[in-house]
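In what follows, a structure is listed as structure tokens, so that the remarks can point back to it.
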Amino acid sequence: MDGSVAASAQTAADAHTKTVPIADYGFLSDGEVTALVAPGGDIDWMCLPRLDSASIFGALLGRHAGRFRLGPSDTSVPTARRYLPGTNILETSWGTSTGWIIVRDVLLIGPWHHDDGVSEKHHRTPMDYDAEHTLLRTIRCVSGEVQTVMACEPVLDYGRRPVRWEYGEGGYHEGWANADGTGVTLRLTTDFRLGFEGGQATARTLLKEGDERFVALSWGAVPPPTTSAQAHDRLEWTAHHWQHWLARGHFPDHPWRTYLQRSALTLKGLTYSPSGAVAAAATTSLPETIGGQRNYDYRYTWIRDATFALWGLYSLGFDWEAVDFFSFIADVAERDEDLQIMYGIGGERDLPESTLDHLPGYAGSRPVRVGNAAHSQVQHDVWGALLDSVYLHSKVADHLDGRIWPILGRQVEAALKHWREPDAGIWEVRGDLKHFTSSKIMCWVAVDRGARLASMIGYESQAAEWQLAADEIKEDILTHGVDARGVLVQHYDTDALDASLLLAPLVRFLPPGDPRIRATVLAIADELTVDGLVLRYRVDETDDGFAGEEGTFTICSFWLVSALAEIGETKRAHELCAKLLSFAGPLELYGEEIDPHTGRHLGNFPQAFTHLALINAVMHVIATEETPDQDM
């Protein structure tokens, strides 16, 4: 069988394997590494030593790419799943014909452990805690007896390099695994008795009521737990850390509070602590359409996320995290003459895109991509996102450090130099460059915020000059970017709608009461939706460089909630927000898109921008409830 035939056969086999719905995955994080846990007890996605590194468990994208199973031997569907309250620790319960067991999964966090020297990778202010580089899984039999299995089968380098296991000093309770050329060494400690079958470490035992076991997979210098008592203490320390962190936040006393709390915990989990960068998602190549080609790597940080990230974090009281992300943005803006639209979570500029042709992809959706070619695209929203984040930061923190002003001047001048040129737009279309209206609006944001900041620090002549330029950009947009009925359009050569124009009222391009804002919001709500959920654009009206359909973009639907609240459509905003919250996954997590007909989540998961937009939308709606409209 030649390579192409083998690949086709593998794709067909995987496509017919039962696929776990994206929204059903649980999300784990320690601030450096993330993992996805399937309902059946399999860890199907985890990358080392960073969340954007090559996977060691990649069954999410191909069933032979590695997974880590722990659970009952004869039952795959759990009875219940939940996060321990206020944490990112996942608990899964199974009721079998003979008894009940509970599994808890956690990426351990412990006390700061770099006091004997300065960490080379940490660039933000040290905290009291740090990742312990250990995935811990505990299992407890609460009644009866349950035959239990554990199977840890890492396949390194995105499923290309099986490991070799050997026993360590702990005998049957310790295993070491590595694969040549990967630089990754794994250690498995457990109170199970281990056996090795090829690249798989396995254990089988009958648990009786009251029995507890643990298994810890570690990859760093911090010693892992070697007893159940140690495992319990380390899990408890991590739980208290998450709960203490969440207690710093300010959450309204409202029925939707849990969605805000889960979104906050998810955003913290998607933050790469050493740099402060917020990754867009934990995964790569989860499809926007099942079987389609719109499969991208989202394990990077987008400058455009900065404004919403800072707004969301500040509004919930997480000022330290907002400052860290702002500092990351300032680092790259200070370093780079030309600001990119995205960066690696460590600040890397070069994110070369390639395909992993040996992987069949989620539900047979190919290609599987790593890296992201969009990092080199020309997108004119980047300057506005940066300047808006600086403006927001300056208002909340009441401080700008000395390096910021030169950065601001450079970004404003870049916006002024390029705003008349076409670009790829906020959605990173891979078709022809256009004069996208939302890009022009974000150029206006850059210059407007630059003028405001200049005025705040006493540079009045500079402020006046930039304000005149901002007025010129606004006039150009209102002349060329508005159709005959007074609606903002996708770009200057079309009357097509685009959900990115929902940002116009949110960035204060025009007052919410302006008839053009109201007409735009209502046109998108009525004409760019499917069952009330918002599309980015109509694919038959936009050359984005790809074939096929896509689902509704959940961030856009949450933007619509905020925009409706802004223009006074409070009842409609509340109803749409309630509908969107009802589409949350069973663990209150969101992907990038939702199929409006089935409620199925699509795209990379969990999606930071979706949770940021959720925070914005929920806070908008709660604010309208405090000052209710007549139609409520």
Donor + acceptor pair across side chains of [X], [Y] (<3.5 Å):
X    : Y    : result
S439 : H380 : no
D52  : Y272 : no
S29  : N88  : no
E592 : Y298 : yes
E413 : W466 : yes
W427 : D498 : yes

Any donor-acceptor N/O pair, [X] side chain to [Y] backbone, under 3.5 Å:
X    : Y    : result
T301 : A279 : no
D30  : V33  : yes
H122 : R124 : no
H601 : F583 : yes
S438 : L501 : no
E32  : S273 : no
S455 : A451 : no
R299 : A280 : no
E569 : L564 : no
T552 : L533 : no

Next on the checklist: Quick check on the 6.0 Å ring-centre criterion: do W245 and Y129 meet it?
Outcome noted: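 No, the ring centres sit 6.0 Å or more apart.
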Between [Y] and [X], is there a cation-pi geometry (under 6.0 Å to ring centre, at most 45° from the normal)?
X    : Y    : value
R262 : Y83  : yes
K434 : Y492 : no
R536 : F553 : yes

Rounded to the nearest 0.5 Å, what separation is found between the [atom1] atom of [X] and the [atom2] atom of [Y]?
X    : Y    : atom1 : atom2 : value
F558 : L580 : CZ    : CG    : 4.5 Å
D471 : D476 : CG    : CG    : 12.5 Å
L265 : L589 : CG    : CG    : 10.0 Å
L614 : T554 : CG    : OG1   : 10.0 Å
I555 : L560 : CD1   : CG    : 12.5 Å
M127 : I109 : CE    : CD1   : 11.5 Å

So which heavy atom on [X] is nearest to which on [Y], and how close?
X    : Y    : answer
R516 : L478 : NH1-CD1, 3.5 Å
T34  : A282 : OG1-CB, 3.5 Å
A415 : A446 : CB-CB, 3.9 Å
L502 : C556 : CD1-O, 3.5 Å
E421 : K440 : O-NZ, 3.4 Å
R538 : E527 : NH2-O, 2.7 Å

Checklist entry - Near K121 NZ, under 6.0 Å, is it more than 12 heavy atoms from other residues, nucleotides or ligands? => result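 Result for NZ/K121: enclosed.
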Checklist entry - In terms of heavy-atom contacts, does CH2 of W256 have more than 12 from other residues, nucleotides or ligands at under 6.0 Å? => result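 Yes, because the 6.0 Å sphere around CH2 of W256 holds more than 12 heavy atoms from other groups.
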Next on the checklist: Parallel, tilted or perpendicular, judged at 30° and 60°: which one describes the rings of Y314 and H393?
Outcome noted: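 If you compare the ring of Y314 with that of H393, the planes turn out tilted.
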Residue pair [X] / [Y], side-chain heavy-atom distance below 4.5 Å:
X    : Y    : answer
T283 : D297 : no
L351 : M342 : yes
L408 : L453 : yes
M46  : L36  : no
M619 : P252 : yes
V412 : K417 : no
E288 : N295 : no
L286 : L602 : no

Item to check | Intermediate values then yes/no, ring pair (Phe, Tyr, Trp, His ring centres under 6.0 Å), H611 and Y590 | outcome: CA-CA 7 Å; H611 284 278; Y590 285 84; 5.6 Å; yes
Would you call [X]-[Y] a salt bridge at under 4.0 Å N-O?
X    : Y    : value
R257 : D253 : yes
R452 : D448 : yes
R248 : E321 : yes
R508 : E566 : yes

Checklist entry - Yes or no on side-chain contact (heavy atoms from CB on, under 4.5 Å) for H480 and H435, after CA distance, side-chain angles and deciding distance? => result CA-CA 10 Å; H480 302 289; H435 291 278; over 6 Å; no
Item to check | Candidates L392, I404, D331, L313 - the one meeting side-chain contact (heavy atoms from CB on, under 4.5 Å) with F326 | outcome: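 By the side-chain contact (heavy atoms from CB on, under 4.5 Å) criterion, F326 pairs with just one of L392, I404, D331, L313: I404.
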Checklist entry - Which of these, V489, L528, L535, sits in a side-chain contact (heavy atoms from CB on, under 4.5 Å) with L497? => result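 Filter result, single survivor: L528.
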Next on the checklist: Under the criterion side-chain contact (heavy atoms from CB on, under 4.5 Å), I'd like the reasoning laid out for W242 against K268: C-alpha separation, chi angles, the key distance, then a yes or no.
Outcome noted: CA-CA 10 Å; W242 283 117; K268 179 64 172 175; 3.5 Å; yes
Next on the checklist: Go through it in stages, so that I can follow the logic: the residues are W302 and V382, the test is side-chain contact (heavy atoms from CB on, under 4.5 Å), and I'd like the CA-CA distance, side-chain angles, deciding distance and then a yes or no.
Outcome noted: CA-CA 9 Å; W302 268 254; V382 65; over 6 Å; no
Checklist entry - Is there a ring pair (Phe, Tyr, Trp, His ring centres under 6.0 Å) between Y300 and Y343 once you walk through the steps? => result CA-CA 6 Å; Y300 306 114; Y343 288 88; over 10 Å; no
Checklist entry - Between H574 and E625, is a side-chain hydrogen bond (donor to acceptor under 3.5 Å, both in side chains) present by the stated rule, with each step listed? => result CA-CA 9 Å; H574 186 283; E625 293 176 354; 3.1 Å; yes
Checklist entry - Of all residues at least two apart in sequence or in a different chain, which pass the side-chain hydrogen bond (donor to acceptor under 3.5 Å, both in side chains) check with E348? => result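 Result, side-chain hydrogen bond (donor to acceptor under 3.5 Å, both in side chains) vs E348: R50.
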